[in-house]
Every structure is written in C-alpha cells, then in structure tokens.
There are 2 protein chains.
Amino acid sequence: MSSREAAGDPVRRRRSGTRSVTLQDVAAIAGVSAQTVSRVLRIPDEVSPETRDRVRTALREAGYVPNLSARNLASNRSKIVATVIPSLSASIFSETLTGLSSVLAPEGYQLLLGYTDYDDKREEELIRSLLGRRPDGFFMTGALHSPAVIKMLKASRVPVVETWDWIDTPLDTLVGFSNEDAMYAMVSSLHEAGYRAPCFVGSLLEGDHRSRRRLDGYLRAVGTYWPGREPRVVDASAYPLALESGARLLEVARQAHPESDVLVFSTDIYANGALLAATSRGIAVPEEIAVAGFGDFELSRMLRPALTTVALPNTTIGQEAARMLLTRMRGERPERTKVDMGFEIRRRESA
Amino acid sequence: MSSREAAGDPVRRRRSGTRSVTLQDVAAIAGVSAQTVSRVLRIPDEVSPETRDRVRTALREAGYVPNLSARNLASNRSKIVATVIPSLSASIFSETLTGLSSVLAPEGYQLLLGYTDYDDKREEELIRSLLGRRPDGFFMTGALHSPAVIKMLKASRVPVVETWDWIDTPLDTLVGFSNEDAMYAMVSSLHEAGYRAPCFVGSLLEGDHRSRRRLDGYLRAVGTYWPGREPRVVDASAYPLALESGARLLEVARQAHPESDVLVFSTDIYANGALLAATSRGIAVPEEIAVAGFGDFELSRMLRPALTTVALPNTTIGQEAARMLLTRMRGERPERTKVDMGFEIRRRESA
DNA sequence: AGCGCTATCGGTAGCGCTAACAGAAGACCT
DNA sequence: AGGTCTTCTGTTAGCGCTACCGATAGCGCT
C-alpha cells in the first residue's frame, strides 16, 4: 500500500511465492474478484452465466492450475486418501488399488501411496508422514496395528477403512474377510478330499499379520481334524515373495516333513513356484505331493496342473472400501461398518 | 453473537480449522514462540540444546503432526513427487516404483500416484490434477506426450524425468532405453538363430506408445533382414494385459499367419500366456512354433520351456530416475540429462 | 569501555485459497 | 409504496506454517 511511505514505514516483505498463476491473476483478467473466480471453480451455479463464461475464458487464457495446498489449508479438506499397503510389488494389492482408485478418482480424490514392507515400525513412520497431508480418508491393508498407530489415527479423527482382514472391533470401518476362516476352509476341503498329512508353508514374519492369521486357521483345522497331532509348519520368512522361493520351499518342506501329502502355502506365489519346480523336476502333482495356495492369481488357473487355492475379492475389496470411505467422508454413518467380502475355495488339479 | 456487543468491535470471525495440534499449541506448552518450534523441526542445530529438548518433549506430549499443506504453502516446497504410470496392475512398473521410492523416501519425499490406463486424454487430466499439489518433481512413464501435457509441464517449471523410452529431446531429463532398438535386437537375434518367418503380436493401442515403438523396431528389422517382405503383425489392442490374452493371441496369430515360425510378443505377459496355452494344447515350443517376449518377468525364466525375451532395467530405472530428480530438485544440473539404461537379450528355450 | 561478531530467539507478513459475512440490485408480494 | 426475499458479487479474516528481519545477550578482542 502506498499509505506506508510515511516515516514509520513497516518493512516491505517480499516472498518469492510460486510465481505461478493465482486466482488473483485470473480475477484481474476477468475483471472480477478472486472470490468469484473461486466460486466459478467450486459452485458455478451460484455465478451468473455471463460472468461464469468470462471467468472461464480467463482461466483458460491464464493457464490456471489451482494450488491444492492453499485450498486444503483454507477449506480444511484435502481430497487425498492415504493408502497403506505392505508392498508395491505384491501384484495382488494392485488389483485392490485399482478398485479403490476407480471409485475414488471420479469423485476427485487422489491416492497418496505408502508401503510398509511388512514392518510395523515403518508403518508407524509412514502413517505419521501421511497424516501430515491431512488426508480426508485412510485406507489400510490389514487390521492389526501397533498402539501408536491406533492412537495417531484415532486422534486425527480421519475416516479409516481397514481391509484384507477380519477383527471384532475395527478402528473405524472394515472391509475384508477372515484369513483364518479361509485357511480353515481350505484345510477342511483338503481333509474332505482325503489328504491326511498337510504341511503349512508360509511367512511367520513379525509384521505379516495376514499370513499369521492364515497359520492360525491352519492350526485350528489341524486341531479339529487331527487332534493331538503336532502340526507340520515351515517358516518362509527368510524367502522373498517370489516364484523362486516357492521352488526352494518345496525342497525345504519335503526335507522337513517327508511324510506330508499336501503342501498348503500361505500365498499363490510360493505355491505356483513350487508347482513349476515340481514339474521341472518330474515330481508328480498331486500324486506324489499335492499343492494348495492362497489368493487365486491368474497364473494359478493357467498352470498345469492348475492350482487349488482360495479366491479372494481383490478388486471388490478396493471398490467396497472406497464406497465406505466416501460415505464416511461425507460425514454419514454407513449402514454397516463391517463388511465381510468372503472368499471361495477353488478346487483344481493340484490337490 | 455475544462477542460483538461492543460498539466498534471488528467482526470476530471463527473458522473451524483442523482442530488438531498446531505449532502454537506446542509453543505454548514449551514456553517458546511458534517460530522456535518450527526451527526445532527444520534446523535443530540453530536452537540451543536446552530449548530443543524442552520443545521436543512438548512435541511428543502434544502429539504434534505437522500440517504439510501449510508448510508447503509457506515454504513453496511440497516434498511430493508426482508419479505417472500407465497402469497399476502391470506389475512391471511396480518394480520401477519400488526403485523410485526406495531412493526418494529416505529424503523425505512422498509419491503421489496416478495412472493413465494408456489413455492420452486421461494423462492430461491426471497431470493437471497432480500439478495442483505443486509437486517438487515429476516422474513420467514414457516420453511421448500430448502438446497440452508438454505445455503444462513446461509452464510449471517442475523437474521432470521421463522414463522407459528413448527420444532425442526430453522435456527435461530422461532415464530409459530404446524400445525400438531392443525389439530390433530381438529380431536380429532370432534371425541369427535361423528363424525366417517372425510375426509380431502386440498392442497397437493409440496411447500405448512403448508398444508402438517396439513395433517400429520390428518393422525396421523386417526391412533389414527380409527386404520387400510384408511384415506379419497381429494387433492385440483388444486383449487386456493378461496371460489369458496370450492364450487367445496364440490362436489368432496361427490363424492369421500359419507360416510363422516365431511369435514375437510385445510383452512377456502375452508371451507367457501363449507358452502356457501351447503346453496345454500339446503344441511343441519351439519346434512347431517358437515364442519370444519382452520384459523378462520372473515367470518367464521359471516356465518350461523358459521364455526367450528382452531383459529390462525395471528397478534400476526407478533408482536412477530418483537420483536424477534429486539432483534437479536441489536445483543442480546433472552431468547428463539423458541416461541409457540399456537392455539385454535373454536367449532361452522358447526360441 | 567499546567494538564487532555469533548464537539464539521472537515478531510480523504473507504463501493462495475459502468461509463467513455484507451489500447491492432486482423480483415479488401485500 | 414499502417491505421481504432472492440472486449475485465483493470484502475481510483467517487456515498453519515459514521467510525475513530484528533484537538481545554473550563472547573475544583491542
């Protein structure tokens, strides 16, 4: 202001700024106030058609791109959904992400992605940094979290949807299925098919909660069908999530429990790797050893023998979770805060 | 309102705000100014040890989570790298993302992810919305973009790294390889191995630029080794990127060009699907028909026969691109703005 | 004692936007 | 005619943070 020329003139601060086009610039071109431009962007119906057109022309002419940080700060809404997955490379989650994004993107939400690498400590840091963006919603893979995580999320009052698991009291909402029941059902199915010596092969990694829940289901099934029997278990924690590991684990399992008649893997990746290795080495599946998986990847039904496995609602979990979040983000209460998406045993040739 | 009773009392505006802990709150607890708290977070060395400890205690006690939107607005840095990939489900890019993130995360950068589904129009909208967050850097898959995209990115003055392709004049920096040369090399290798009737099978989709470049390489090779010969090409655009499609395309290609002795697929996904289908149907590979792929997925070397394919620097592209961005985001000029990560022909049993 | 320096802290303006209010102009009603 | 209501636009005050500048105290040195 020129009124500050006088003696006690306060210092004139200059900040670099974005040096990109602002609402003010557009307003100047269109000959209206910044507020009106803002309205054209957010609630065009409340602006008269003539001004609206004029402003829109100015917007195009100036090449305006709204600064969402500023919008976020002023409106207290970020249009961001923070998304926590265990790993980028596990293709299984990418289907869930696709489902999630396909529902959220049309509503103008962006996904801010982070992965934990199955490490609880990393999850904690990740969530802290994601919370910094003040997301409108939180998508979590898994439903077992450290007290620190729970505390942070509760304190933030952000709508949260937990997925891919099943617990009694979710943080906020839950869209998933019971890994334990699914594995139990798998072993039941194998028992029914006549198998008598199953061996569980899966990650017992600290941070891989879903794999542990599958183990729980396996243990419970063994308790039911072979009471008193020491369960056969092979820990796969040391093996990366890759087909190659499945090949190795086939060896390890047959060494550790030669009497096993079926290997029950905690994921299709291992199972398919084992299947491929068995074929290469001339081990007959399912005659010599049967194989079962978890996840029903596309490869699982393409291989010969095709893999017996548990089909999971990969994509639909993402879509349903997105709908749940949308409801919560509108401030409404969904009819049900827990949705069981179920699972399905797929009996094929491998077992 | 009771607060406005007084005569000249200026209107007292109340905004809801985040209602979460702010710097002010922490400052009040620690008995210092907000500015000092801010310094403890950003440049702790400039604060005396005693105050620093006091502030840190207060930060913990209050459960402070910085509002990055506000920080972004004030500092004009977002610590966000916008990341554009064609598809979430193409596992091949997830490796690149892992590489990217593994280098950027330790530096405090978050990935804001978007995917285009191989659609140029969607890419444009996506980039506009990503730019709204004022990212510090831009990671692009591919190097061929619409004029509108180029204009927006140039205007934003954000460091950009294009990847997975090779062109003369990148927008800013480029970390990739030549899809055309790679495919040319593959066909050369097949020619050298004695194949005489190759057939290209791949997406000719408008937005799938990399696949088209592979076709270009194929066409050039045919021109070199079989001058005058009409190139055999099967358009796979209508088939989703899945193993199942490979099975179908095997049929289609053998129908369309029965005399082909080798099918050259634009991606390992199709190629592996074809391989699996051939095995199921008793078609001998490579005797009856040989198969070559592009990408070298893990499955490709696990199958029997193992797939002859082109190995690409999936993960290292991400890492190198991240380093490139870091340099540019520091405002420095990298020694080279174009880095060729190369490729490698992997001769295996399928061809 | 006075000077210049550094280390440490606080005050203030402003980043670009929107919520909340205010006001003008016309439409409509009694 | 006067009042009320609606439609449209502008003004103002923040949102939570950091850049920028100043102020103060303490230090070593002449």
Side-chain angles (χ1 to χ4, degrees), chain A residues 1 4 8-28 30-52 54-55 62 64-79 131-134, chain B residues 1 3-4 9-28 30-55 59 62 64-79 131-134:
Chain A
M1 308 266 120
R4 307 217 206 121
D9 195 9
V11 190
R12 184 43 157 254
R13 305 261 162 105
R14 290 296 315 133
R15 311 256 318 237
S16 62
T18 328
R19 300 203 293 121
S20 61
V21 185
T22 72
L23 273 189
Q24 286 295 350
D25 300 333
V26 178
V32 295
S33 72
Q35 182 58 232
T36 299
V37 181
S38 172
R39 263 190 286 257
V40 169
L41 292 171
R42 292 175 299 120
I43 33 177
D45 287 349
E46 291 187 14
V47 179
S48 74
E50 307 86 64
T51 354
R52 199 193 304 153
R54 200 147 36 89
V55 169
Y64 176 74
V65 178
N67 184 324
L68 300 183
S69 283
R71 174 178 289 178
N72 184 187
L73 192 59
S75 72
N76 201 17
R77 263 173 297 109
S78 62
K79 285 281 180 179
L131 275 176
R133 305 279 170 197
R134 297 296 185 269
Chain B
M1 315 275 123
S3 63
R4 305 204 211 136
D9 197 10
V11 188
R12 189 40 157 254
R13 306 272 161 94
R14 294 286 324 126
R15 311 245 332 226
S16 61
T18 328
R19 302 202 291 121
S20 61
V21 185
T22 72
L23 272 189
Q24 286 296 349
D25 301 332
V26 178
V32 294
S33 73
Q35 182 56 233
T36 299
V37 181
S38 173
R39 262 189 288 254
V40 169
L41 292 171
R42 293 176 298 118
I43 32 177
D45 288 348
E46 290 186 15
V47 179
S48 73
E50 307 87 63
T51 6
R52 198 192 305 153
D53 289 346
R54 201 145 37 88
V55 168
L59 283 167
Y64 176 75
V65 178
N67 184 325
L68 301 183
S69 283
R71 175 178 290 178
N72 182 189
L73 191 59
S75 72
N76 202 15
R77 263 173 296 109
S78 63
K79 285 283 181 176
L131 275 176
R133 306 277 170 198
R134 298 295 187 271

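Numbers restart at 1 for each chain; the letters A, B, ... are given by sequence-line order, proteins then strands.
- Distance check: Leu41(B) CG to Arg71(B) CZ gives 6.0 Å after rounding to the nearest 0.5 Å.
- For the OP1/OP2 pair of dC9(C) and a distance below 4.0 Å, the side-chain nitrogens and oxygens of Thr36(B) include no atom meeting the criterion.
- Checking the phosphate oxygens (OP1, OP2) of dT9(D), a side-chain nitrogen or oxygen of Ser48(A) falls inside 4.0 Å.
- The CD-P distance, from Glu50(A) to dG26(C), rounds to 13 Å in whole Å.
- Remark: the Arg39(B) side chain and the dG10(C) base include a donor-acceptor N/O pair separated by less than 3.5 Å.
- Between dA19(D), dT9(D), dT18(D), one nucleotide has an atom nearer to the side chain of Ser38(B) than all others, and that is dT18(D).
- Nearest-nucleotide positions on DNA chain C for Asp45(B) and Arg77(A) put Asp45(B) closer to the 5' end.
- Applying the 4.0 Å criterion to OP1 and OP2 of dT18(D), one finds that Arg42(B) has a side-chain N or O inside that range.
- Checked by distance alone, Gln35(B) brings a side-chain donor or acceptor within 3.5 Å of a matching partner on the base of dG11(C).
- Remark: Tyr64(A) is not in phosphate contact with dG16(C), judged by side-chain N or O atoms under 4.0 Å from OP1 or OP2.
- Residue Ile43(A) contributes atom CD1, which lies 12 Å from atom C1' of dT9(D) at whole-angstrom precision.
- Mapping Pro66(A) and Ser33(B) onto DNA chain C by nearest heavy atom places Ser33(B) closer to the 5' end of the strand.
- To the nearest 0.5 Å, atoms CZ (Arg133(B)) and CG (Leu68(B)) are separated by 12.0 Å.
- Taking atom CZ of residue Arg134(A) and atom C1' of nucleotide dC17(C), one finds them 17 Å apart after rounding to whole Å.
- Of the candidate nucleotides dA19(D), dC9(C), dG16(C), dA19(D) has the atom lying nearest to any side-chain atom of Ser75(B).
- Note on Ser69(B): nothing from the nucleic acid sits closer than 4.0 angstrom, heavy atoms only.
- In this structure, Ser78(A) OG and Asn72(A) CG are separated by 5.0 Å, a value rounded to the nearest 0.5 Å.
- Spacing between atom CG of Asn72(A) and atom P of dG16(D) amounts to 11 Å, rounded to whole angstrom units.
- Between the P atom of dT11(D) and the CG atom of Leu23(A) lies a distance of 15 Å, rounded to the nearest Å.
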